[in-house]
Amino acid sequence: MTFPIDYGIDLVSIPRHSFIDVIEGRVPAKVLAGKDVIVGATAIELGDRYPVPRFGVVPGVYVQAMATETLRRGIPTTLSFWVAVILILPALIGVVYLQTTIRIVSLVAFSATSIFLLALASESWWSLTASIIPALVVLMFGAIATVAANRLRRTFKASLHDSATGLPNTRAWLRADKAASAAIVLTLPKYDAIVSLLGETDVALFIKRLLERLAPALDDATVYRINDRSIGWELGECDFSQLTQKMASLDRQLLHPIEFTGHQLDVQTGIGVAVIDARGKSAAITGALGAAGYAAQRGLKWHLNDGENRDADERELTLLGELDVALAQEEIFVVYQPKLALESDTIVSAEALVRWNHPTRGILSPGMFVEAAENNGRIIELTLYVLNVVLRDLVVLANSAIHISAAVNISAKLLGDSDFLGRALTMIEASGVPPSQLIFEITESAAILAPADALTSIARLRDKGVAISLDDYGTGQSSLAYLKKFQVDELKIDASFVRNVHCDGKDRILVRSTIELAHEMGIKVVGEGVEDIDCLEMLRTLKCDIVQGYLISQPLIAHRLRDFVLEHQDTYKIAV
Ligand code: C2E
Ligand code: CA
Ligand code: CA
């Protein structure tokens, strides 16, 4: 029979007597009477010595004494190690369900201590022993595996989610296997402006607010954030036939500004749709993204990329590379749209609008390439090219005794750029054209990047005599905030307010009050996009200073502008 010795027995409590003292009667008989006596050798030389817990190396007879004492107290029952393993199971299950490492470590420490104390107690009170090592090993392995699995799960989850908004990302979209007919992407072309207004953290909240606004038009679709400025979702398998209604419903949700941290944000969006066909979902997402950019650039509400025009959009990306060549080969040219002063009924100015005579794609309007040039570091060269052409044309016009001013569109992004400003001023000076014959129209397709630098640039330009005009007033950020910040000479009320000024009471109120406000600040007002005579007459009644639009003239190439001005030199009469 084998049994474990109870090393808890204190060796000192077992009386010991020298064998020779007993033989020679030096140990009183009553000391030994009624006791069990074990006789054994303790001399080191005999080598009968064993290492034991607590007491180090002791003579074999001591081990026998402890063993005897153990037997007298009752033989402990040795249980299978499985008992401890089973007892630890609830803790193991708990560990598996816990999410944080700190909780797992706490539970492991608590369970290990408990099972250890239980083992001690059961041994001393009930003479039951069982090895707890396997149970502790199982618990440790369980804990390590759970911590590792939690880590892995978290990393995997992060790789499928956008960390700022918590929305699933493109990778998650590609893994989703719901049947769908099309990918829809909504992009925020003015994302940079929103970031500079709200800051990165609030932008994430803003995107969530935008999603809440869109929710009624999304039909519970899962929304993915596919890049900073774009979100996307899928159109159900049978929903493609209702695409137009769905887009109209989206548009309705975006009609009103979103109020966010005290700002009324008029969200401008571009929405792109691409059919999910044999090319797969990834191609459709890219296609929808391209279509969203296309829509945003052209001010369209949405654009469908149905596979046939997808190739055309892809071609557009290569335009940018060709732009450098175009500038070198003078494929870029400028047309002028006359501006009519209503008080004198004379043409006082003309706005320069850039065009690209592309060798294979025909004449491209600025919407096709200006924003791409802005975003890809080509805008300085493009703008200086236009300015150079304008200065040259003004010299030619001066030779025909025409001294109208010319307006050049300057992307807001360029305003604070000292390199641009220096080169533009040098160019103006070298041309001999009086700076007062130039107007810089600040065209806002992006937020002004460094407002302080922009302020200095504007002051420098006005000092030299160049007039500053605020384009597209009333849209985006081109509003009261800009008027407050920047000293301007002219503001151009956006065509969207002007077009119906003669038949829409609200537009009339807005235009009238804007004109009054501007006049009080000593600023001239231009009404843009005037297409019919009633509109022009209403603007005259409202004391608008200048009008521009197809009613007066389409944009004209330089020599046709000269003819147009000469023709209407004394007083301008509209041909009806
Ligand atoms: P914008 O400065 O607001 O220019 C007016 C746009 O409206 C021009 O389009 C013009 O052709 C068009 N337009 C003029 N009158 C009417 C009208 O009565 N009805 C309608 N429906 N449209 C009218 P375009 O030439 O396509 O220019 C689009 C935009 O491209 C311009 O808007 C301007 O923001 C930008 N742009 C044009 N040239 C340049 C340039 O040289 N540099 C920069 N940075 N931007 C430019
Ligand atoms: Ca303009
Ligand atoms: Ca404009």
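Each ligand, and each atom within it, is numbered from 1 in the order the structure gives.
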Tell me whether D471 has at least one N, O or S atom under 3.0 Å from the Ca ion (ligand 3). yes
Is the Ca ion (ligand 3) less than 3.0 Å from an N/O/S atom of D494, whether that atom is in the backbone or a side chain?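 Within the cut-off used here (under 3.0 Å), D494 places no N, O or S atom near the Ca ion (ligand 3).
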Could you tell me whether [X] and [Y] make a salt bridge, using a distance below 4.0 angstrom between a side-chain N and a carboxylate O?
| X | Y | answer |
| --- | --- | --- |
| D219 | K246 | yes |
| E234 | K281 | yes |
| R378 | E381 | no |
| K492 | E351 | yes |

Sub-4.0 Å atoms of ligand 1 with respect to non-hydrogen atoms of D472: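 The list of qualifying atoms is 3 (O).
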Atoms of ligand 1 less than 4.0 Å from G549 heavy atoms? 15 (N), 18 (O)
In the structure I gave you, are the side-chain heavy atoms of C503 and N500 within less than 4.5 Å of one another anywhere? yes
Location of contacts on [X] toward ligand 1, heavy atoms closer than 4.0 Å:
| X | value |
| --- | --- |
| A495 | neither |
| V334 | neither |
| E374 | neither |
| T443 | side chain |
| Q548 | neither |
| E528 | side chain |
| V354 | both |

Could you tell me whether some N/O pair between [X] and ligand 1 is separated by less than 3.5 angstrom?
| X | value |
| --- | --- |
| T383 | no |
| S365 | no |
| P366 | no |

[atom] protein-contacted, heavy-atom criterion under 4.0 angstrom:
| atom | answer |
| --- | --- |
| atom 19 (N) of ligand 1 | yes |
| atom 14 (C) of ligand 1 | yes |
| atom 7 (O) of ligand 1 | no |
| atom 26 (O) of ligand 1 | yes |

N/O donor-acceptor pair under 3.5 Å between [X] side chain and [Y] backbone:
| X | Y | result |
| --- | --- | --- |
| S431 | V433 | yes |
| T426 | G422 | yes |
| D545 | V525 | yes |
| Q437 | I404 | yes |
| R462 | G465 | no |
| R209 | E259 | yes |
| T165 | A204 | no |

Between N409 atom OD1 and E441 atom OE1, the angle centred on the Ca ion (ligand 2) rounds (to 10°) to 90°
Protein contact to [atom] [nearest heavy atom, distance to 0.1 Å]:
| atom | result |
| --- | --- |
| atom 10 (C) of ligand 1 | L353 CD1, 3.8 Å |
| atom 21 (N) of ligand 1 | E531 OE2, 3.1 Å |
| atom 12 (C) of ligand 1 | Y550 OH, 4.0 Å |
| atom 42 (N) of ligand 1 | N409 O, 3.4 Å |

With sequence neighbours excluded, give me every ring pair (Phe, Tyr, Trp, His ring centres under 6.0 Å) pair touching residues 185-218. F206-F260
Whether G367 lies under 4.0 Å from ligand 1, heavy atom: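 G367: no contact with ligand 1 (<4.0 Å).
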Can you find a non-hydrogen atom of Q554 under 4.0 Å from ligand 1?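 For ligand 1, residue contact (heavy atoms, under 4.0 Å) with Q554 is absent.
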Would you say [X] reaches the Ca ion (ligand 2) with an N/O/S atom under 3.0 Å?
| X | value |
| --- | --- |
| S469 | no |
| E351 | yes |
| D472 | no |

Using 30° and 60° as the class limits, which term best fits the ring planes of Y482 and F486: parallel, tilted or perpendicular?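 Perpendicular: the ring planes of Y482 and F486 meet at over 60°.
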Please work out which of the three classes, parallel, tilted or perpendicular, describes the rings of H303 and Y294, given edges at 30° and 60°.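 Rings of Y294 and H303: parallel, as their planes differ by under 30°.
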Would a line drawn from the ring center of W233 to the ring center of Y224 be shorter than 6.0 Å? no
Within a 6.0 Å radius of atom CD on Q487, are there more than 12 heavy atoms belonging to other residues, nucleotides or ligands? no
If hydrogens are left out, which of V370, I442, D471 has an atom nearest to atom 1 (P) of ligand 1, that is, the closest non-hydrogen atom? D471
